[in-house]
Amino acid sequence: MYELSEMALLMEQMYVDNQRLKERIEKGETVGEFPSHFAKIHEAIMTDPSENDALKKMLKFF
């Protein structure tokens, strides 16, 4: 089964955080502090390229 890479997990979390931030802005609330885990984007391990190849082969059938 496919496992999300560190980068994919981080990006998922960033999306959720930014959705919450958007709601706060729309309500006129303060944005707060910059989330420290966003800085991990420079270190997070990306998906293994070999897994991308396997996915591309599988997607050819769709």
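Excluded from the calculations below are hydrogen atoms, water molecules and symmetry mates; all remaining heavy atoms, backbone and side chain alike, are included. Since the model is a prediction, treat every value here as computed from it, not as a measurement. Numbers for residues simply follow the sequence, beginning at 1.
Counting only residues at least two apart or on different chains, no ring pair (Phe, Tyr, Trp, His ring centres under 6.0 Å) pair has a member in residues 6-28. For the side chain to side chain donor-acceptor pair (under 3.5 Å) condition, no pair includes a residue of residues 21-35, sequence neighbours left out.
Interatomic distance, CE of M46 versus CE of M11, reported as 7.5 Å (0.5 Å rounding).
The environment of CD in E12 is sparse: at most 12 heavy-atom neighbours from other residues, nucleotides or ligands sit within 6.0 Å.
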Can you give me every donor-acceptor pair (side chain of residues 34-44, partner residue at least two apart or in another chain, under 3.5 Å) with its distance?
unit_1	atom_1	unit_2	atom_2	d
H37	NE2	D17	OD2	2.5

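I45 pairs by the side-chain contact (heavy atoms from CB on, under 4.5 Å) definition with E6, not counting sequence neighbours.
By the 4.5 Å side-chain criterion applied to Ile, Leu, Val, Met, Phe, Trp and Tyr, I25 is assigned to a cluster that also includes L21, V31.
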